[in-house]
Enquirer: 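This is the structure I want to talk about, given as structure tokens.
Counting starts at 1 for both ligands and their atoms, in listed order.
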Amino acid sequence: MIAAFPGWARKFLLSRSRLNALAGLCVLLFVVSGLYLYSFREPAAPLDYDFRLHSAPVHPIDHLINAANEQWRILLGQETHSLPNAAVQYRRSRGRHPPPGFAEWYAFAKEKDALIIEELFDQIYHDLSPYWGTEPEELRRQASGFEPRIIVRNQKVLPMGGTPAGWMEAWLGLLRTLEQYLPDFDMPLNGMDEPRVIVPWEDLSEHVAKDYSARRIVDPGQVVSEYMALPDPAVDEPEPYDLKFTNGDGKPYWYLARVACPPDSPSRNSDIVNVDFANPPPELYNYIPLSQDGYIKNWTLAKDPCIRPELQALHGSFVAPTSISTTHQLFPLFGGSKLPINNGILIPPAVYWGDDELFTGGGDHGGEWEDKQDVFFWRGLASGGRNTEETWTRFQRHRFMSTLNATSVATALNSSEHAFVSFRLPDFEYYNLESGRSGELSILLADHADARPTGLACSPVTGNPHCPYTDPFFEITPMVPMQSNYENKYLPDIDGNSFSGRYRAFLLSTSLPIKSTVYNEWHDSRLIPWAHFIPMDTTFMDFYGIMDYLLSNDITAKAVALNGKRWAETVLRKEDMEVYMYRLLLEYARICDDRREFLGYVDDLR
Ligand SMILES: *[C@@H]1O[C@H](CO)[C@@H](O)[C@H](O)[C@H]1NC(C)=O
Ligand SMILES: *[C@@H]1O[C@H](CO)[C@@H](O)[C@H](O)[C@H]1NC(C)=O
Ligand SMILES: *[C@@H]1O[C@H](CO)[C@@H](O)[C@H](O)[C@H]1NC(C)=O
């Protein structure tokens, strides 16, 4: 050992008294550096996340993961640890006093070990903003005239009407955990898969402007801390409120939807395009300017149908939803998901709160990463809306299964058109895909992709999983239990009739979700694409690039999978749904209150 030191050091080290001095110095250094490190310690991160940064990024996805991890690190630094700080953060972000009941909410959140970062609640304020533009009396009138709904009176939760599929029971269960804290309100529920409120852009802008102009920090002396009590509906039965729901007279949903887009956006005036469903989809390069080298850079923009008119022909929700029942009036409808063009108020979907193993997988979240197959695995119903012989080629689940089908890809690679009826191959040069250039893509897919339908859900309904016009393209396979998904490293998740109910379980698993969606959910301000999951464009043009990257960057793939899991265990727990719902309902009750401008929490200022 000592031989490795230069001569002068050797002499120094070999003298005994100097050895003692050296030992003393070492102890001192150790203590001092320990104190130094302690005083400069980062605020404790909630868990041991792996902020893997690629020091010399090579692939565009390296850059995206670096940027996402940095964004996440900054977010974690915003955590607040006291009620006064939480109130300060609130006023700074929202421009108002917190709602009455904020201190109890904070105590509840603490008791549930919730991470308190104001940004995690941004979705609430995005959803509620336009309702500040409706008079409170009008809001209460709308809400009390709708079924199904949940009402709260005297801190008791009651159902009014029901929903299919047990959603009402799940949401009631969630609200019952909070009822002792809740003011009176009426909460209309969407029992359909599809969202139902689309407010024309001009009208919505006026509503949102009213929110902004009404924001102020009221003088604490004027602040009121009691919510109003609402009448007992059994005594004072409300009239139904006519929201003029329409199915669009059988015309494409796009006509109902596009009125929500800004007048100068590409979609507002674009007519119905790309409806030649018998041929391969058109060139799908609109997404490129929005992307970073072909990969999703901004998840919000990537999902926005107003700047992406091509989405109308790439997703069942636009091509032919299972049911259409839309109102153009702003109205406080609560539901589990919505398109960016929809209004309404997001709450945790009933399937996330419920215990159906089909969606949760029970207590099993998968084994060790190293024991999993290097496979992109997908099973599910070919849902997405009413697919017919003429339209199925544009449904997202069908398109996705074809994109991963080695035989279909071999055929497409072989054809001079580079096309297959339900999908289009990307530009291999642009994506720098060697497997594409060499023609070996289909071999790669045969080894690493497995996407099959459990039923073809065609229209007209066949009464069995088969379908005369799609049978030749897909091999029907029995449904597998949720746990079988976790035997694979990569779990693509594709929208069905609306959002996909498996997503939360995928995030909580030891596998890595590859997420494609055009829907928004309650958790959107809690998840950072590329840090907690891999985002995929609805065109699926980036799929082969993502596959190629993940297969050759296993350590990074594992880090994102496990970071996503630990983060979901920190901010997507059932307790987090309670904390979110509690905050949301205080805000909603305030907006419905005649004295809403003056209602607030100001105890910290007195
Ligand atoms: C995404 O784009 C929107 C709209 O331009 C912008 O407001 C938002 O800050 C962007 N998000 C990120 C993460 O860059
Ligand atoms: C590709 O084309 C060649 C020549 O036309 C043909 O022999 C072969 O069977 C084709 N392969 C596939 C997978 O279609
Ligand atoms: C892949 O596509 C071919 C037709 O192109 C079809 O026969 C086969 O069943 C498909 N495989 C799966 C797993 O769906």
Enquirer: Just jot down the ligand 3 atoms closer than 4.0 angstrom to any heavy atom of Phe474, in number order.
Expert: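 Answer for ligand 3: 9 (O), 14 (O).
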Enquirer: Could you tell me whether some N/O pair between Asn298 and ligand 1 is separated by less than 3.5 angstrom?
Expert: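 Min N/O separation from ligand 1 is below 3.5 Å for Asn298.
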Enquirer: Counting only N and O atoms by type, is there a donor-acceptor contact under 3.5 Å from the side chain of Arg268 to the main-chain atoms of Cys261?
Expert: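 Flag set: sc Arg268 to bb Cys261 pair under 3.5 Å.
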Enquirer: Counting only heavy atoms on the protein side, is anything nearer than 4.0 Å to atom 13 (C) of ligand 1?
Expert: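 No, no protein heavy atom sits under 4.0 Å from atom 13 (C) of ligand 1.
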Enquirer: Any atoms of ligand 3 less than 4.0 Å from a non-hydrogen atom of Pro472? List them with their elements.
Expert: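 This gives 4 (C), 6 (C), 7 (O) as the contact atoms.
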Enquirer: Can you confirm whether some protein heavy atom lies under 4.0 Å from atom 9 (O) of ligand 1, or whether none does?
Expert: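 No, there is none.
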Enquirer: Using ring-ring contact (aromatic ring centres under 6.0 Å, His included), reason through Tyr49 and Trp72 one step at a time and then give a plain yes or no.
Expert: CA-CA 10 Å; Tyr49 299 117; Trp72 185 24; 4.4 Å; yes
Enquirer: Taking only non-hydrogen atoms of Ser402, do any sit less than 4.0 angstrom from ligand 3?
Expert: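 For ligand 3, residue contact (heavy atoms, under 4.0 Å) with Ser402 is absent.
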Enquirer: As a check for students: among Ser422, Ser408, Ala412, identify the option with a heavy atom nearest to atom 5 (O) of ligand 3.
Expert: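 Closest candidate by heavy-atom distance is Ser408.
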Enquirer: Would you say ligand 3 has an N or O under 3.5 Å from any N or O of Asn405?
Expert: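 Yes, there is a polar N/O contact under 3.5 Å.
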Enquirer: Can you tell which part of Ala406 has a heavy atom less than 4.0 Å from ligand 3: side chain, backbone, both or neither?
Expert: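 The answer is neither.
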Enquirer: Strictly under 6.0 Å, is that where the ring centroids of Phe473 and Trp392 end up?
Expert: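 Close enough - the centres of the two rings lie under 6.0 Å apart.
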Enquirer: So do Ser383 and Arg397 actually touch side chain to side chain, heavy atoms under 4.5 Å?
Expert: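 SC-SC contact between Arg397 and Ser383 confirmed.
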Enquirer: Is the distance between the ring centroids of Phe376 and Phe543 under 6.0 Å?
Expert: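 Under 6.0 Å, so yes.
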Enquirer: Determine, for Arg215 against Asp211, whether the closest basic-nitrogen to carboxylate-oxygen distance falls under 4.0 angstrom.
Expert: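 Answer for the salt bridge query: yes.
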Enquirer: Treating Ser267 as the side-chain partner and Arg258 as the backbone partner, does any N or O pair qualify as donor plus acceptor under 3.5 Å?
Expert: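 Such a contact is absent between Ser267 side chain and Arg258 backbone.
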Enquirer: Which is closest to atom 4 (C) of ligand 1 by heavy-atom distance: Thr300, Leu301, Leu290?
Expert: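 Looking at heavy atoms only, the winner is Leu301.
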Enquirer: Can you tell me which portion of Glu475 lies within the under-4.0 Å heavy-atom range of ligand 3? Options are side chain, backbone, both, or neither.
Expert: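 It is both backbone and side chain that touch ligand 3.
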Enquirer: Kindly determine whether Ser498 and Asp193 satisfy side-chain hydrogen bond (donor to acceptor under 3.5 Å, both in side chains), including the steps that lead there.
Expert: CA-CA 6 Å; Ser498 59; Asp193 277 346; 4.7 Å; no
